[in-house]
Structures are given as structure tokens and as C-alpha cells.
Amino acid sequence: MFKKFSSEEVSAQNQVKASVQRKIRQSIAEEYPGLEPVLDDILPKKSPLIVAKCQNHLNLVLVNNVPLFFSIRDGPYMPTLRLLHQYPTIMKKLQVDRGAIKFVLAGANIMCPGLTSPGGLLDEEVEAETPVAIMAEGKQHALAIGFTKMSAKDIKSINKGIGVDNLHYLNDGLWKMERLD
């Protein structure tokens, strides 16, 4: 998704009205209840919230020109990896084994066998079409953010094909873009 992403792909930046800002804050609070205590620090009520519209129906939520969340079409808001590294407990986690790490970092989707092999870990509560953090075996921080194609139970039982769509990973275009000026 963000493999060759750059600031040239941003077609419009709009400061949103207070009502829209409240809706965005509310949907983020509902999606990530772990963020509730620090939501005012991340998305201050007084500072302007900017939504940048990009190609491929992508929206970036910016505060002080720093991308914090993104959404595709009208899907759920997902945090950027920089924000996830600051608050690592906000998303459900799936872990890939060592063999999958280089492929995930190249932008590949996460296949079921990479999650079910001995080095991988599955959170049984993860449903289909849920934003998840992709952790790596033996590593502390998340290496990608994905959107599950099937539930954790199905990933375990089917064990074939794509389990998680890789949306944003370390060193992609969004990671390299610390600020949008």
C-alpha cells in the first residue's frame, strides 16, 4: 500500500470542522480502547486536525503535520507504525516466524503458515477484517500493520493462503515520511 508513497501522492489537505474532528476522535476511541487515557495527548482538542486525501481512496489524519492515523475508503482508522511504537499495547497482535520477516519488510502479505508455524503466535480473539499489529519472532516492536482477511481460528484451521493484508510496514513510504510539509 505505502511501498512508494510520497508527499506527491497527497491530492488535498483540509482542516476539518470540530464536528468531523469529534467523529474521528470517537471512531478512534471505539476502535482502540487502550488509547483512551492518552487520546488528548495524541489528538489535542485545541490543535487543528488535518485530513490529507491521497490516491487510492486513502486518508491520512495529521496533527502538526505528523501523520498519526490512516484509513482506506471508509474503513477503520489505523495508527501509523511510529504511533504504534509509542503505544504498543493499543492493537491486537499476531506474530510471524523468523522466516517471514524479510518478506513482510519487503511489503508481502502475511501468509497463514508464517503465523501458525512454531515461531508464530495467534491471538484467538482476532476476527476477520480487524486491524492488527504484526510482530516478529524475537523482536520487541511491530514490523507491520495489517488487516486480517480471515479470523484467527480460520487461519489456524485452513493454514493456506493470505491471512493478513500488509498495509504499512517498516521503511515504506509512510514510515519515511515523518512530517508532511
Side-chain angles (χ1 to χ4, degrees), residues 1-36 38-94 101-110 128-136 141-149 162 164-181:
M1 164 109 334
F2 291 107
K3 193 166 197 151
K4 292 188 168 78
F5 186 77
S6 66
S7 54
E8 282 88 57
E9 293 198 29
V10 176
S11 55
Q13 287 186 44
N14 300 321
Q15 185 173 333
V16 293
K17 297 189 297 188
S19 59
V20 177
Q21 191 168 342
R22 273 195 304 274
K23 272 191 191 140
I24 291 173
R25 283 175 61 94
Q26 184 183 1
S27 69
I28 288 170
E30 285 170 9
E31 187 74 38
Y32 308 105
L35 268 181
E36 199 80 57
V38 292
L39 199 58
D40 285 335
D41 299 337
I42 297 170
L43 299 171
K45 286 185 174 146
K46 294 292 180 206
S47 79
L49 193 74
I50 295 170
V51 172
K53 293 187 186 313
C54 310
Q55 294 169 356
N56 301 330
H57 305 280
L58 177 75
N59 290 335
L60 289 175
V61 176
L62 309 164
V63 174
N64 300 329
N65 289 338
V66 177
L68 296 177
F69 293 91
F70 65 93
S71 73
I72 297 142
R73 288 192 159 48
D74 291 328
Y77 286 97
M78 289 172 258
T80 60
L81 273 169
R82 290 188 190 280
L83 186 66
L84 185 62
H85 287 178
Q86 287 177 315
Y87 305 99
T89 58
I90 59 173
M91 291 181 91
K92 293 195 164 136
K93 296 177 175 68
L94 300 179
I101 295 173
K102 67 180 179 190
F103 298 107
V104 174
L105 290 177
N109 289 330
I110 293 91
E129 297 182 4
T130 307
V132 290
I134 305 298
M135 310 301 282
H141 293 295
L143 74 146
I145 290 174
F147 199 65
T148 55
K149 285 247 202 206
I162 296 171
V164 182
D165 268 334
N166 186 350
L167 299 178
H168 170 35
Y169 55 94
L170 287 175
N171 265 339
D172 66 2
L174 184 57
W175 172 263
K176 289 177 180 162
M177 187 175 70
E178 293 177 41
R179 295 178 63 79
L180 184 65
D181 295 316

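Please read all numbers here as calculations on a predicted model, not as lab measurements.
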What verdict does the side chain to side chain contact (heavy atoms under 4.5 Å, CB included) test give for Q86 and T80, after you've listed the backbone C-alpha separation in whole Å, the side-chain angles of each residue and the deciding distance to 0.1 Å? CA-CA 10 Å; Q86 287 177 315; T80 60; over 6 Å; no
Take atom [atom1] in [X]; do more than 12 heavy atoms of anything else shown fall under 6.0 Å from it?
{"X": "D40", "atom1": "CG", "result": "yes"}
{"X": "R179", "atom1": "CZ", "result": "yes"}
{"X": "Y87", "atom1": "OH", "result": "yes"}

Between [atom1] of [X] and [atom2] of [Y], what distance do you get to the nearest 0.5 Å?
{"X": "S71", "Y": "L60", "atom1": "OG", "atom2": "CG", "result": "8.5 Å"}
{"X": "F103", "Y": "N166", "atom1": "CZ", "atom2": "CG", "result": "13.5 Å"}
{"X": "E30", "Y": "Y77", "atom1": "CD", "atom2": "OH", "result": "12.0 Å"}
{"X": "M91", "Y": "I145", "atom1": "CE", "atom2": "CD1", "result": "5.0 Å"}
{"X": "I110", "Y": "I134", "atom1": "CD1", "atom2": "CD1", "result": "4.0 Å"}
{"X": "L94", "Y": "T148", "atom1": "CG", "atom2": "OG1", "result": "7.5 Å"}

If you apply the rule side chain to side chain contact (heavy atoms under 4.5 Å, CB included), what do you find for L105 with L143, and how did you get there? CA-CA 7 Å; L105 290 177; L143 74 146; 3.7 Å; yes
By the ring pair (Phe, Tyr, Trp, His ring centres under 6.0 Å) test, which pairs, at least two apart or in different chains, include something from residues 17-36? none
Say whether, by atom type as modelled, one donor and one acceptor occur between the side chain of [X] and the main chain of [Y] under 3.5 angstrom.
{"X": "H168", "Y": "L81", "value": "yes"}
{"X": "R82", "Y": "L68", "value": "no"}
{"X": "K93", "Y": "P88", "value": "yes"}

[X] versus [Y], closest heavy-atom pair with distance:
{"X": "E31", "Y": "P76", "result": "OE1-CB, 3.6 Å"}
{"X": "L180", "Y": "S7", "result": "CD1-CB, 3.5 Å"}
{"X": "A144", "Y": "V104", "result": "CB-CG1, 3.7 Å"}
{"X": "I42", "Y": "P44", "result": "O-CD, 3.3 Å"}
{"X": "A133", "Y": "L84", "result": "CB-CD2, 3.6 Å"}
{"X": "I90", "Y": "G34", "result": "CG2-C, 4.1 Å"}

Listing request: all side-chain hydrogen bond (donor to acceptor under 3.5 Å, both in side chains) pairs with a residue in residues 8-17, at least two apart in sequence or in separate chains. S6-E8
Going by the salt bridge (charged side-chain N to carboxylate O under 4.0 Å, His left out) test, which pairs reach into residues 41-57, not counting sequence neighbours? none
Begin with the C-alpha distance, continue with both residues' side-chain angles, and end with the deciding distance and a verdict on side chain to side chain contact (heavy atoms under 4.5 Å, CB included) for L83 and F69. CA-CA 8 Å; L83 186 66; F69 293 91; 3.5 Å; yes
If we only count heavy atoms from C-beta on, is the V66 to E178 side-chain gap below 4.5 Å? no
Decide yes or no for V51 and I24: does some side-chain heavy atom of the first lie under 4.5 Å from some side-chain heavy atom of the second? yes
Do the rings of F2 and F70 sit parallel, tilted or perpendicular, given the 30° and 60° boundaries? perpendicular
